[in-house]
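Right, one structure below, let's go through it.
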Amino acid sequence: MGDWSYVAPGYALTAVAFAAAVLRLHRRTRADRAAAARLAALRRSRRTPPVPPP
Amino acid sequence: MATIARRPAPQPRAHPARPSGARNRSRGARLLGALCGSRGIFWQGVAAAVALGASAVVSLLVVPADAAQGDVQRLMYVHVPAAWTAYLSFAVVAFASAAYLRTGRVHWDRLAVAAAEAGVLFTGLTIALGSLWGRPIWGAWWTWDPRLTTTLVLLLVYAGYLAVRGLPDNPDRGARWSAVVGLVGFLDVPVVHLSVVWWRGLHQPATVLRPGTPTMAGSMLAALLLAVLAFTLLWAYLVAARMRTERAAQRTRRELLSAPVRRGVQPVAPVADLVATAPTPQGAGSHG
Amino acid sequence: MTGEALALAAKDLRLELRGRHAVSTVLPFAVTLLVALGLALGPDRPLLRQVAPGLLWITVLFAAVLATRRSYELEGEDGALEGLLLSPADPAAIFLGKAAALSVQLLALEVVLVTVMALLFGLPLAAAPVALALVCLLATVGLAAIGSLFGVVAQAARTREGVLPLLVLPAAIPLLVDAVRATSLALEGRDVTGWLGLLLSFDVVALAAGTLLYGYLVED
Amino acid sequence: MGGAGGFRHVVRRRTHPTCRIDAHAACLDGVTRVFGQQPALVRVRLVVRPGEVVLLRGTNGSGKSTLLRVLATAVTPTHGRGCVFGHDLVTDRRDVRRLTELVGHQTRLYGDLSAAENLRFVARMHHADPALVPAVLEQVGLLEVADERTRGFSQGMRQRLAMARTLVRAPSLLLLDEPYAGLDDQAGSLVHALVAATIRRGGAAVLASHDDLVGFAADRTVTLAAGETVVVPQPSLLSAAPGGLT
């Protein structure tokens, strides 16, 4: 009765679930790194003394 | 006019009992710091991947099939570790929630969120694999087996935990609410399990799904322990990475409040897309 | 602490007598749900008698959600909930007061529901009235505790609609299972002490959690 | 340390040493409060001494109400520290709540209870003497409607009842948010009587108001703009010359 038609989907489902989780986390890390970079740029630009209005 | 001798600025005297710098942190804290650093997480990921690969190979090919159930029993090497990891993350959520309520430290809340999200993944996996395995053995996708039902209730509690986080407009309050839901859910689990066992009225000995009985062949037990280790490593990787993203999100949110940035940005949308749409800074500094 | 809890419970019950929300909306809803469920399952009397406990407690569960939402809506109407929280009363006292008031309302509701079910489904109430009463009492206290605890979350949350059932129902699952089983055993006149013990342990957990954690839910 | 029930959970913030001395009726030390993404209060510093009446001025949304709600511990400051009569705003909440009363546009009444019943409930929750209720109702001019349900009251009558609640409680720190909105002159004088009574008891009062105080001298005026205190040079006696940022 050893029947692989249940084992295969089981392992496949596990692999897909893990891959999806890791991918989601990776995408979030990249988005956070981009956000931090933008903020740093914004902060640097703020620090330069603004030109007095004409 | 005599130039006033500039007194050297007083050096920040390191507190005698606690020498400043990284050395003063205890060994454990330093190790934890290393583990949670972005490099540490990367190596955690690699270790988890290697362990999972090895475990898959071992449990699919190397280990003999079960005498009674045949190859279907190989599902045990994914279902049982997933169940173990689901309950592990639920215990971590409850512990971290209690610690967060007790001390108010933010890192406990981050640990709780990370564990809850990992918990949802593993709980869902456990239920899916459990019913997949139950189908050939018991002939039905779902039997009110006490453990499967308790795991389902667990999944509902996780859903409540994550749903409650976003409700109040104050993120601190959302964290507190979810901590309470996590704790109450955790207190529920033993009662749920006991009720379902009595409810079914069955007191038959542990079904074949219950692992760990020493009667199992040595190699099978070894394969199972390897799988449990692999799943736990992956769980640790997911939690550590998720905690870093949570910390980065909170740092960005606080960053948005600092005066120089605040004037340039009118924060209305959630942080992620908010920063993406932040207008290019006005004033002389704009080099966009 | 108990003085404040009693004062709060008395106030809630007086509000209930004045507004008669439980009698005018929750009770009709419960009876209608019961009759609808009964009709859905067909006229077969032995079947109805077998599922009657399940129907009863599903109806009580939803009635509890309605009653909890109403009890906290009355507080939120004019900001009275904030008035309560800004009083030097201990949050645990507020929780216990609300839970007590809710328990009384639900018990009154159950008395009516059980008599209606006895008539409609021909339930042998005389079999073990004491056991049945005890089961109802313990189950209602647990339900009121969970309702009061999560009611404040539903009231203070931005999107109010689906929050309360989402939080109350998963937490009340063990209660539902125990109450249904105990009720059916009580109706058959069999021994229910084991189940009463389980219900009691659930109540202790729910009340303890409520007393300790209510403070965290209400603080902004 | 009578932490408010379950709220011992708190970021371990030591109150600023100068704040701890009881000389201050209320002090906010760099309090910031953020709602979602909008900072309602940004690093507000405020010291109120006993016997002082402080007037908060500022446009809508400048953070006046939030500041009063932070003092009344209805809202937790996101950053910064504060204390009322030496009790920290975040850890000693029950003591702060015993001493303060916040009167806002929400009058916190139960529609189905009568005026007298509402006040008796407040007296029991605040450990005050219920016997005071008739006298207080007479003082605010609601004695004849004492047994009617508050659902039928007008906004002015409800605010008088809110003031009656304050008289029953006799708080040390009075926080009034737009006390004059919707009140006739006679009720306006009630507000002055209320503030004067609090001051006589050695308490302090903080009022947030748009319209000028008629015949009333605020000891100090603090102007708020976009959540930050703005120093506006103007004579402190408001009745002399209405000025400041409006």
Side-chain angles (χ1 to χ4, degrees), chain A, chain B residues 38 41 45 48-49 52 56 59-60 65-66 68-75 77-79 82 117-118 121-122 124-125 128-129 132-133 135-136 234 237-238 241-242 244-245 248-249 251-252 255-256 258-261 263-265 271-272 274-276 278 280-288:
Chain A
M1 215 271 285
D3 182 350
W4 284 85
S5 62
Y6 287 102
V7 178
Y11 277 71
L13 176 68
T14 313
V16 163
F18 289 166
V22 171
L23 202 65
R24 178 171 165 273
L25 270 179
H26 186 63
R27 213 175 306 119
R28 264 201 75 151
T29 335
R30 231 175 326 108
D32 286 337
R33 200 163 292 138
R38 264 188 79 78
L39 273 176
L42 209 58
R43 215 178 319 110
R44 265 196 312 279
S45 65
R46 284 266 149 239
R47 197 159 297 128
T48 52
V51 174
Chain B
S38 61
I41 290 182
L52 280 172
S59 47
L60 280 179
D66 175 66
Q69 290 188 15
D71 283 318
V72 178
Q73 201 260 351
R74 291 183 192 284
L75 277 176
Y77 301 115
V78 267
H79 173 66
E117 292 199 358
L121 169 75
F122 284 105
L125 202 58
L129 294 172
L132 198 62
W133 190 0
R135 180 75 179 81
L234 177 75
Y237 168 73
L238 289 176
R242 181 66 183 81
R244 271 188 72 77
T245 54
R251 181 158 301 171
T252 315
E255 189 63 38
L256 286 174
S258 61
V261 171
R263 286 193 189 82
V265 170
V271 175
L274 168 116
V275 171
T280 51
Q282 297 81 13
S286 77
H287 38 69

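Letters A, B, ... are given to chains in the order of the sequence lines, protein chains preceding strands, and every chain is numbered from 1. As the structure is a computational prediction, the values presented were derived from the model and not from experiment.
Residue B/R242 touches chain A through both its backbone and its side chain, counting heavy-atom pairs closer than 4.5 Å. Contact of B/L52 with chain A is made through the side chain alone, with heavy-atom distances under 4.5 Å. For a residue to count as touching a neighbouring chain, one of its non-hydrogen atoms must lie under 4.5 Å from one of that chain's; by this rule B/L238 touches chain A with backbone and side chain alike. At a 4.5 Å heavy-atom cutoff, the contact between B/L234 and chain A is made by side-chain atoms alone. Contacts of A/A31 with chain B are absent, with no heavy-atom separation under 4.5 Å from either backbone or side chain.
At least one donor-acceptor pair under 3.5 Å links the side chain of A/Y11 to the backbone N or O of B/R74.
Chain A forms more heavy-atom pairs under 4.5 Å with one residue of B/L129, B/L121, B/L60 than with any other, namely B/L60.
Pairing each heavy atom of B/P136 with each of B/L132, the nearest pair is CD-O, 3.1 Å.
Looking at residues two or more places apart in sequence or on another chain, you find a side chain to side chain contact (heavy atoms under 4.5 Å, CB included) between A/R24 and B/E117.
Counting heavy-atom neighbours within 6.0 Å of B/R135 CZ, excluding the residue itself, gives a total above 12.
Atom CG of A/L13 is separated from atom CG of B/L125 by 5.5 Å, given to the nearest 0.5 angstrom.
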